[in-house]
S.K.: 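Quick one: structure below, then a few questions.
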Amino acid sequence: MNDKNTAINEDFLKPYSPKDNEEALYKKWEESGYFNPDVCIEKGVTAPDAETFSIVLPPPNVTGVLHMGHAAMLATEDILVRYNRMQGKRTLWIPGTDSAAIATQSKVEGEIYKKEKKTRHDLGREELLRRVGEFAESSKDTIISQTKSMGSSLDWSRYAFTLDEQRYKAVMTAFVKMYEAGLIYRGARIVNWDPNLQTTVSDDEIEHVEQTDPFYYFKYGPFTIGTVRPETKFGDKYVVMHPDDVRYAEYKHGQQIEVEWINGPITATIIKDEAADREVGSGVMTITPWHSAVDFEIAERHGLDKEQVIDERGILLPIAGEFAGQHIKKARPAIVEKMKAQGLVEKIDEKYVHNVSTNSRGSGTIEPQIKEQWFVAVNKAVQFPDGRTMTLKERMRETVEGGEIAIAPERFNKIYYRWIDNLRDWCISRQIWYGHRVPAWFKDGEVKVQIESPGKGWEQDPDTLDTWFSSGLWTFSTLGWPEETDDFKTYHPTSVLETGYDIIFFWVARMILMSTFLIGQVPFKNVYLHGMVRDGKGQKMSKSKGNIINPLDMIEKYGADAIRLSLVVGAAPGNDVPLSEDKIRGYKNFANKLWNISRFVLSNTSDYDGAAKAPLSPRDQEILNQLYSSVAEVENDLKNFRLYLAAEKAYHYVWDELAAKVLEESKPILNGDDAKVKSTRQAVLRECLSVSLKLLHPFMPFVTEAVWQRLPEEMKETEFLMVAKWPAH
RNA sequence: GGGCGAUUAGCUCAGUUGGUUAGAGCAUCUAGCUUACACCUAGAGGGCCGGGGGUUCGAGUCCCUCAUCGCCCACCA
């Protein structure tokens, strides 16, 4: 084919139109198969023994829609992936979606109730699961196609869903293995109970919210005790004070006294425990071990009785006497009235500000309860695959402390350590139905933990596992574990985990825990934490503020390339990213700028004759030097995860150096009479263009590929820019 | 209560290990249809780098301290 002397592609006569290019290009990329590293090897663009680069996509909620947080994540990861692929690495980016068990189930339950006035119990487990599964399946295409619209070069042939068969196998295997090692145990401990969702939730899912309530001072025998929760106090028969509190020296540990209480006289026992703070109130407290984590600990230490006062739905039990059967919210004022009448109320602070535990998913207040659940022991020494014996906590800390895993930005190391230090045993069982069912079987008080039913008469535990239990396996369950697949051997540990800093505890830490114990490898070598996307003024985006910028609208208006750049430039790891429509518009203009640079170069080099070249002038040489030193700088920033600088430098080189200076000064040469000097410069310009396209491709894949597709054949070393070699310098 | 971070141009932020007159985008103002681009070009204005103290030949950059804002964690009944 002879492109010389022919007019350049007439598309260049119009401004660049993302709309006319992006979808078609993505389709072409997908059809080429190059998102799949196996195809890259097959077609010879990647060496079979090349170094690997792998990332797992933090799986979005299967029923979700794309928001700016996703967009930022996709942009960042795709930049890393495309750059490494162009470097010639065997590059794999694995897509997937998450069942988001609680969220999805309650959404479907809500809809069923609205339409059919039926609860999950009316439908039964099987039917509910069928409906939830159906809903998840039918809505997954939305998030998948939206993910594609960002230009994400994910290998869809390896798509994984947290509840598919392969992942099921991995989760079951992990559970059994951890149980056999003594890491998973069943026990009656205090847990966070969500009375609305009727399930336990983990410590990390708790959000402390400030609330103002009356604070009551009650007369408890000779003591004064304080509380915001009179409704829990019925069974309080232990009174706790600090062993060194001189005010109460006359009372001895274990001493019993008679006190007048809500429903009549009771026998109270004095407990001396250092948990009682002398500075707080009277320094004396009564405890409710069944409904308070601190109280539970005290009771455990001294072997005290524990009694349930409130049931799973927030209703008072018979211990509450005349108040039994009432909901705690309604009962509270009535209880206080009664106590007033008994002369038990000493004082009331009407406006006491304190924190209450709520479910971070927004379902409401958490009620601590003692329940028999499955836990992961974090302080128990167990044997790791490398033969060493240590606790999960120790191993988790060591991965970062010893440099096996590097977190960017570094300051999150401390936050990570702090979390580990405060970590308590992880409650992993949930009382919902949508999820991986606990592989435990009961019969006549006996328990067996195994994947298949032990036989007739054995009932499987109805509970399912915390969604983060399966998410913790994600780096290797997506690669085929527990089978020793080629993928697993090739791509694990993964190179980078890129995710929001808000999820470091839920996910990052859990992945490290699971991976180090189960397979003896860290799940990833680097952690890159991106910030939260905020509006142009740095405010959180929220519906109520009306400042949400929808990525899909922005793609429609300005193109995915513009969104990608606007989400990366200025987004240092760990820092929140302010995003305004102005910023996006600015980068859309840049895409068009690149389009016009290409048009200029192509139209002015269409008569290029390679044979007529002169040696490079000093200025020609300088232009190329600048080009390649920009490449080197961008590369250096990319290697060190400074994407925000890399993107900015690439942008500046192309606009302020190439367009503003090189192109301008080339005009007289291109119009000049010296044919040799002219074709030398033409060669230089072509080189600048093709290298610039490569330089920008990771950041703005669509417009760069769109130009590449319109280059004359002799300028393209590969069919797709996506798999062109990153420029050497 | 504990910890972390921020404070630089009107706004949002860079400024990588301390080194010449402190940068960008947007916004503002001025001038331009110069045959790549008005989604553009040329230019301008605008900053005691939060306050105070210290280390240094030299600090936006390191140390101390104060102030304000933000975030995370936490079992004060």
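In the text below, chain A, chain B and the rest are named by the order of the sequence lines, each starting its count at 1. Being a predicted model, the structure only gives us computed values, none of them experimental.
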S.K.: Hey, would you say the A/Tyr587 and A/Tyr651 ring centroids sit under 6.0 Å apart?
M.R.: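 Yes, close enough.
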S.K.: When you get a sec, tell me which of B/C13, B/A77, B/C75 is the closest nucleotide to the side chain of A/His354?
M.R.: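 Of all the options, the side chain of A/His354 is nearest to B/A77.
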S.K.: How close or far is atom C1' of B/C73 from atom OH of A/Tyr416, stated in whole angstroms?
M.R.: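 The distance from OH of A/Tyr416 to C1' of B/C73 comes to 16 Å, rounded to the nearest Å.
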S.K.: Between P on B/G2 and CG on A/Asn355, what's the gap in Å once rounded to a whole number?
M.R.: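 From A/Asn355 CG to B/G2 P: 15 Å.
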S.K.: For B/G2, take OP1 and OP2 only and decide whether either is under 4.0 Å from a side-chain N or O of A/Trp419.
M.R.: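 Checking A/Trp419 against B/G2: no side-chain N or O falls below 4.0 Å of OP1 or OP2.
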S.K.: A/Arg411 or A/Lys588: which one's nearest nucleotide on RNA chain B is closer to the 5' end?
M.R.: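 First, find each residue's nearest nucleotide; the 5'-ward one identifies A/Arg411.
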S.K.: Could you measure between the two P atoms, the one in B/U30 and the one in B/A36, and give it in whole Å?
M.R.: 28 Å
S.K.: Mind checking whether A/Trp261 and A/Tyr220 have ring centres under 6.0 Å apart?
M.R.: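 Yes, the ring of A/Trp261 comes within the 6.0 Å limit of the ring of A/Tyr220, centre to centre.
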S.K.: Without decimals, in angstroms, what is the distance between A/Phe505 CZ and B/A74 C1'?
M.R.: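 Answer to the nearest Å: 12 Å.
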S.K.: Base, sugar-phosphate or nothing for A/Ala276? Non-hydrogen atoms, less than 4.0 Å.
M.R.: base
S.K.: Would you write the dot-bracket representation of RNA chain B, where each base gets (, ), [, ], | or . depending on whether it forms a Watson-Crick or G-U pair under 3.5 Å and with which partner?
M.R.: (((((((..((((.....[...)))).(((((.......))))).....(((((..]....))))))))))))....
S.K.: Regarding A/Leu663, tell me which of base, sugar-phosphate or nothing describes its non-hydrogen contacts under 4.0 Å with the strands shown.
M.R.: base
S.K.: With sequence neighbours left out, write down each residue that passes salt bridge (Lys or Arg N to Asp or Glu O under 4.0 Å) with A/Glu231, or none if nothing qualifies.
M.R.: A/Arg229, A/Arg332
S.K.: State plainly whether the residues A/Glu260 and A/Lys219 are in salt-bridge range, i.e. N to O under 4.0 Å.
M.R.: no
S.K.: For the side chain of A/Lys233, starting at C-beta, report the closest nucleotide among B/A36, B/A77, B/G2.
M.R.: B/A77
S.K.: Could you tell me how far B/U16 sits from B/G52 if I compare only their P atoms? Round to whole Å.
M.R.: 23 Å
S.K.: Using a 4.0 Å heavy-atom cut-off, does A/Pro15 contact any base of the nucleic acid, only the sugar-phosphate backbone, or nothing at all?
M.R.: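 Base contact.
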S.K.: Please determine whether a side-chain nitrogen or oxygen atom of A/His652 lies at a distance below 4.0 Å from atom OP1 or OP2 of B/G23.
M.R.: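 No, A/His652 has no side-chain N/O under 4.0 Å of OP1/OP2 on B/G23.
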S.K.: When you compare B/U34 with B/U28, how far apart are their P atoms, in angstrom units rounded to a whole number?
M.R.: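 Comparing P positions in B/U34 and B/U28 gives a spacing of 24 Å.
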S.K.: Fit a plane to each ring of A/Trp595 and A/Phe12, take the angle between them on a 0 to 90° scale, and name the class: parallel (under 30°), tilted (30 to 60°) or perpendicular (over 60°).
M.R.: tilted
S.K.: Given the C1' atoms of B/C33 and B/U41, what is the spacing between them in whole Å?
M.R.: 11 Å
S.K.: Looking only at atom C1', what distance separates B/G18 and B/C62, rounded to whole Å?
M.R.: 7 Å
S.K.: Taking atom C1' in both B/A74 and B/C26, compute the distance separating them and give it to the nearest angstrom.
M.R.: 41 Å
S.K.: Should the ring pair A/Phe215 and A/Tyr217 be called parallel, tilted or perpendicular, given that the plane angle runs from 0 to 90° and is split at 30 and 60?
M.R.: perpendicular
S.K.: For A/Asp582, report the nucleic acid contact type (base, sugar-phosphate, nothing); a contact means any heavy atom under 4.0 Å.
M.R.: sugar-phosphate
S.K.: Please report, rounded to the nearest Å, how far the P atom of B/C73 is from the CD1 atom of A/Ile504.
M.R.: 11 Å
S.K.: Base, sugar-phosphate, or nothing: which does A/Glu664 touch, judged by heavy atoms less than 4.0 Å apart?
M.R.: base
S.K.: Can you measure A/Asp204 atom CG to B/A74 atom C1' for me and round it to whole angstrom units?
M.R.: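 Those two atoms, CG and C1', are 13 Å apart.
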S.K.: Does A/Lys393 reach the main-chain N or O of A/Leu423 with its side chain, forming a donor-acceptor pair under 3.5 Å?
M.R.: yes
S.K.: Once the angle between the rings of A/Phe506 and A/Trp468 is folded into 0 to 90°, is it parallel (under 30°), tilted (30 to 60°) or perpendicular (over 60°)?
M.R.: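 Parallel, since the angle between the ring planes stays under 30°.
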S.K.: Hey, are A/Glu665 and A/Arg681 close enough for a salt bridge, meaning a charged N less than 4.0 Å from a carboxylate O?
M.R.: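 A salt bridge links A/Glu665 with A/Arg681.
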S.K.: Considering only the P atoms, how many Å lie between B/C63 and B/A6, rounded to the nearest integer?
M.R.: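 Roughly 11 Å separates the two P atoms.
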S.K.: Establish, yes or no, whether a centroid distance under 6.0 Å links the rings of A/Tyr16 and A/Phe702.
M.R.: no
S.K.: Specify the separation, in whole Å, of atom CE of A/Met532 and atom C1' of B/A6.
M.R.: 17 Å
S.K.: One thing to verify: whether A/Glu664 and A/Lys661 come together as a salt bridge, which I'm taking to mean a side-chain N less than 4.0 angstrom from a carboxylate O.
M.R.: no
S.K.: Protein within reach of the bases, or only the backbone? For nucleotides 14-21 of chain B, mark each nucleotide 5' to 3' as B, S or -, using heavy atoms under 4.0 Å.
M.R.: SSB-----
S.K.: Between P on B/C4 and OH on A/Tyr501, what's the gap in Å once rounded to a whole number?
M.R.: 17 Å
S.K.: Please report the distance, rounded to the nearest Å, between CD in A/Glu581 and P in B/A27.
M.R.: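 That distance rounds to 13 Å.
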S.K.: Given the C1' atoms of B/C48 and B/C37, what is the spacing between them in whole Å?
M.R.: 42 Å
S.K.: Can you see if the side chain of A/Asn422 gets near the phosphate of B/A74 - specifically, an N or O under 4.0 Å from OP1 or OP2?
M.R.: no
S.K.: Apply the side-chain contact (heavy atoms from CB on, under 4.5 Å) test between A/Phe699 and each candidate in A/Val569, A/Asp561, A/Val634; give the one that qualifies.
M.R.: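 Filter result, single survivor: A/Val634.
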S.K.: Do the side-chain N or O atoms of A/Tyr352 get closer than 4.0 angstrom to the phosphate oxygens (OP1, OP2) of B/A77?
M.R.: yes
S.K.: Spell out yes or no: do the side chain of A/Lys414 and the base of B/C4 have one donor N/O and one acceptor N/O closer than 3.5 Å?
M.R.: no
S.K.: Measuring from the side chain of A/Asn592 (C-beta onward, heavy atoms only), which nucleotide among B/A74, B/A36, B/C39 has the closest atom?
M.R.: B/C39
